[in-house]
Amino acid sequence: FKATGDAPNANIIIRKDGEQVHTVAVGAVKAGENTATVNNSDLPEGELTWEVEVAEKSVAQPTLISKIDGYQKARGIAIDNSPKSKFFGNIYIGNCTANESFEKGIYIYDPTLQMQGEHAYGASSWPAEHTASPYRLNVNENGVVFISGWNDENAGIRLLDPANLPANPTDDLPCFFTFTERKSNGGLWNDGQYISGSTTCAYVWGSGENTRLFTFDEDHEGSNNVILRYDIGTNMTWGKPADMNLGQARMLNTDVQLIATENGVWAAQTRYSPNNIEGCPSLVYVDMEGNILFNSGNATTAAVLKGTRGSGFAISRDGKTMAIVNDPTNYTIFDITWNGNTPNLTHRYTINSGRTAAVNQMAFDYAGNLYAMHQDGLQVFSLPSEETTVTTPAAGTFHIAAGSGVEDAVAEVASIYPNPATDVIRVNATAEISTIAVYNVAGAAVNVEASVEGNAATINVAHLAKGIYILKVNDGKATRFIKK
């Protein structure tokens with residue numbers, strides 16, 4: 001397993017059917033690659049999962065632990081917090097305006113904030129002179145980045161798949177929405193139906209068939225500036241109207257960030273101090289019918305939250321902590337509690353950022369560190385916490401054979417070529433091949449013919465549609481290939 005920094009202690013936890021069955025003490029952890037040995041004879045039979053529990057270095061007060069300076073106008077940040085994603089831990093920053101240090105487009109960083117590649121991606125997707133595109137970002141469970149754009153010329157949600165990056169970084173990124181007409185105001189229409197428009201935020205919530213996309217839409221026909229919900233499931237393109245219009249929710253400023261929950265949506269808009277008022281508040285929470293269940297213009301919250309310049313806010317992975325920009329550019333931390341579906345915010349403390357540029361988006365990483373994206377640079381803070389460990393599940397499983405006390409041979413793909421492929425792919429595995437399965441990016445199995453000889457196989461892919469596919473040998477680790 002990989003660690004982003006040194007830690008005093010770690011454990012490997014083995015589970016069967018969700019129950020902890022074995023623990024292996026790892027000891028001190030170093031930044032980078034770490035290994036632990038598990039004796040099969042100590043483990044029960046059957047399908048097992050494992051996770052890494054790492055002791056946190058606690059801090060007594062909010063502590064700046066990293067930063068990136070030099071951006072001209074960076075307005076979006078998202079972190080891949082899905083352990084099932086191959087790109088778990090990646091950090092994505094959207095930059096609207098190029099300068100000598102940074103290009104326009106989406107930058108990719110690893111969990112240690114090392115830039116991946118030398119260029120930003122997708123610059124041609126948005127007008128070069130436009131300072132609000134690309135805008136806010138979000139990552140789905142499979143690691144695909146959804147990118148909002150607040151401009152009319154190239155309106156639409158763009159997608160960046162780190163598994164299928166464009167060969168030329170500046171090339172257009174694919175649009176999530178399919179349409180037959182783009183109107184001058186940015187509205188996208190498909191066969192006479194309104195689909196989407198210019199958006200200040202795209203937020204993906206859920207998994208599998210229960211995945212939903214939420215947007216704040218500037219151009220919706222008949223009711224501009226509204227929160228829309230699309231029940232997209234596993235689809236990676238969409239050409240239908242929104243499934244639900246949650247209304248404007250008093251977001252009159254229109255520069256809005258969203259964060260969804262199972263039963264509702266948080267929405268924050270730019271408000272300068274002291275303009276966090278009930279009629280046009282900094283922050284609201286609405287249910288799935290558009291009813292406002294929390295309004296930050298209430299006297300208690302407004303006494304602390306004076307304004308939200310840039311609208312940036314974030315909610316921790318466990319849903320218990322909110323960080324929100326507090327005018328001018330500091331960060332206020334709240335505890336979130338619930339009475340049914342009605343939230344309440346309790347002020348914990350405020351962090352002085354020491355910066356002046358606006359904050360359009362924030363994010364928490366898996367360990368609970370706060371990333372605040374000012375337009376001129378990123379700040380990362382470690383926050384005080386009662387939690388003393390962070391536990392991260394591994395994406396895969398392994399199997400212990402009955403009676404043998406040894407692990408079944410699970411073949412992994414050692415090589416696959418050609419990739420991309422047109423007619424056939426040739427696979428070499430680390431063990432004798434008994435089964436081969438191919439899935440599309442939606443997770444559905446597709447039929448293929450294969451010729452197997454020992455550890456090698458030839459698979460006919462000529463009939464497959466162009467795109468990305470997942471290959472599993474003996475139900476082992478997934479490997480991607482591209483059909484061109």
Side-chain angles (χ1 to χ4, degrees), residues 62-69 71 73-81 89-96 106-107 109 111 113 134-139 145-148 200-205 214 216 255-261 265-271 282-283 285 296 304-336 345 347-385:
T63 303
L64 181 67
I65 58 175
S66 191
K67 65 177 182 176
I68 301 173
D69 292 322
Y71 277 99
K73 187 160 281 191
R75 305 190 75 164
I77 184 168
I79 302 175
D80 187 343
N81 283 330
N90 268 9
I91 300 157
Y92 302 90
I93 293 178
N95 187 42
C96 297
I106 309 300
Y107 280 96
Y109 294 85
L113 284 181
Y135 214 159
R136 298 183 178 94
L137 319 176
N138 192 238
V139 185
V145 186
F146 283 63
I147 308 161
S148 63
T200 62
C201 188
Y203 190 90
V204 183
W205 179 92
F214 296 83
F216 193 81
D255 181 7
V256 175
Q257 182 188 342
L258 304 174
I259 295 179
T261 71
V265 185
W266 291 96
Q269 65 182 332
T270 291
R271 302 299 291 153
S282 289
L283 176 73
Y285 179 79
S296 69
V304 176
L305 187 62
K306 303 296 185 180
T308 41
R309 181 184 169 202
S311 319
F313 75 112
I315 295 177
S316 60
R317 180 169 55 91
D318 62 8
K320 296 179 179 180
T321 302
M322 176 185 290
I324 187 166
V325 63
N326 196 350
D327 197 52
T329 54
N330 297 323
Y331 327 131
T332 292
I333 310 300
F334 290 99
D335 292 321
I336 306 174
L345 299 184
H347 178 234
R348 197 187 305 172
Y349 52 81
T350 295
I351 303 170
N352 187 340
S353 74
R355 306 184 80 113
T356 58
V359 179
N360 295 119
Q361 194 167 21
M362 296 180 177
F364 281 101
D365 67 12
Y366 199 85
N369 299 304
L370 175 64
Y371 292 64
M373 191 70 247
H374 293 259
Q375 291 184 3
D376 62 355
L378 173 68
Q379 293 195 141
V380 184
F381 279 83
S382 177
L383 305 183
S385 174

Exercise for the section: Spell out, as yes or no, whether a donor-acceptor pair under 3.5 Å connects the side chain of Arg136 to the backbone of Val256. Expected result: yes
Exercise for the section: Check whether the side chains of Asn360 and Gln257 place a donor and an acceptor atom closer than 3.5 Å, and report yes or no. Expected result: no
Exercise for the section: Look at the side chain of Asn138 and the backbone N and O of Val204, then say whether any donor-acceptor pair between them is shorter than 3.5 Å. Expected result: yes
Problem - Distance, nearest 0.5 Å, that separates OH of Tyr107 from CD1 of Ile93 - result: 10.0 Å
Problem - Interatomic distance, Tyr135 atom OH to Arg75 atom CZ [nearest 0.5 angstrom] - result: 3.5 Å
Practice task
Taking the side chain as every heavy atom from C-beta outward, state whether Val359 and His374 have any atom pair closer than 4.5 Å.
Solution key: yes
Fill in the blank from the handout: The side chain to side chain donor-acceptor pair (under 3.5 Å) partners of Asn369 (sequence neighbours excluded) come to Asp365
Handout entry: Side-chain heavy-atom pair Leu113, Val380 within 4.5 angstrom cut-off
Key = yes
Practice task
Check side chain to side chain donor-acceptor pair (under 3.5 Å) between Tyr71 and all other residues, then give those that pass, not counting sequence neighbours.
Solution key: Tyr109
Problem - Distance (rounded to the nearest 0.5 Å) between Lys320 NZ and Ile315 CD1 - result: 14.0 Å
Handout entry: Chi angles and distances behind the side chain to side chain contact (heavy atoms under 4.5 Å, CB included) call for Trp205, Leu258
Key = CA-CA 11 Å; Trp205 179 92; Leu258 304 174; over 6 Å; no
Handout entry: Residue pair Met322 / Ile336: nearest heavy atoms and the distance that separates them
Key = CB-CD1, 3.8 Å
Handout entry: Contact check, side chains of Lys306 and Asn326, non-hydrogen atoms, under 4.5 Å
Key = yes
Exercise for the section: Test the Arg317-Tyr366 pair against the cation-pi criterion, namely NZ or CZ under 6.0 angstrom from the six-membered ring centroid and within 45° of the ring axis. Expected result: yes
Problem - Thr321 and Arg348: side chain donor to acceptor below 3.5 Å - result: yes
Completion exercise
Partner of Leu345 under side chain to side chain contact (heavy atoms under 4.5 Å, CB included), picked from Leu305, Leu283, Thr332, is Leu283
Fill in the blank from the handout: Correct closest heavy-atom pair for Ala323 and Phe364 would be CB-CZ, 4.0 Å
Problem - Nearest heavy atoms of Phe381 and Gln379, plus distance in Å - result: CE1-NE2, 3.6 Å
Fill in the blank from the handout: Rounded to the nearest 0.5 Å, the CE atom of Met362 sits from the CD1 atom of Ile259 at a distance of 10.0 Å
Exercise for the section: State whether the side chain of Asp69 and the backbone N or O of Asp376 hold a donor-acceptor pair below 3.5 Å, judged by distance alone. Expected result: no
Problem - Donor-acceptor pair, side chain of Gln361 and main chain of Ala78, under 3.5 angstrom - result: no
Problem - Any Ser382 side-chain heavy atom under 4.5 Å of Pro62 side chain - result: no
Handout entry: Straight-line distance of Ile79 CD1 to Ile77 CD1, nearest 0.5 Å
Key = 5.5 Å
Completion exercise
Residues Cys96 and Pro134: closest non-hydrogen pair is SG-O, 2.9 Å
Practice task
For residues Val265 and Phe216, determine if any side-chain heavy atom of one lies less than 4.5 Å from a side-chain heavy atom of the other.
Solution key: no
Exercise for the section: Ignoring hydrogens and angles, tell me if any N or O in the side chain of Asn330 forms a donor-acceptor pair with the backbone of Ser353 under 3.5 Å. Expected result: yes
Exercise for the section: Examine distances only and state if a side-chain atom of Thr329 and a backbone atom of Ala358 form a donor-acceptor pair shorter than 3.5 Å. Expected result: no
Handout entry: Donor-acceptor contact present, side-chain Ser282 to main-chain Arg271, <3.5 Å
Key = no
Practice task
Could you tell me whether the side chain of Thr308 reaches within less than 4.5 Å of the side chain of Phe313, counting heavy atoms only?
Solution key: no
Exercise for the section: Identify the heavy atoms of Ile324 and Ala268 that sit nearest to each other, and give their distance. Expected result: CD1-CB, 4.5 Å
Practice task
Check step by step if side chain to side chain contact (heavy atoms under 4.5 Å, CB included) holds for Leu378 and Tyr371.
Solution key: CA-CA 7 Å; Leu378 173 68; Tyr371 292 64; 4.0 Å; yes
Problem - Ionic contact status for Asp255 with Arg309, cut-off 4.0 Å - result: no
Problem - Ile147 vs Tyr92 side-chain heavy atoms within contact, under 4.5 Å - result: no
Problem - Exercise: identify the closest heavy-atom pair between Ser316 and Asp318 - result: OG-OD1, 2.7 Å
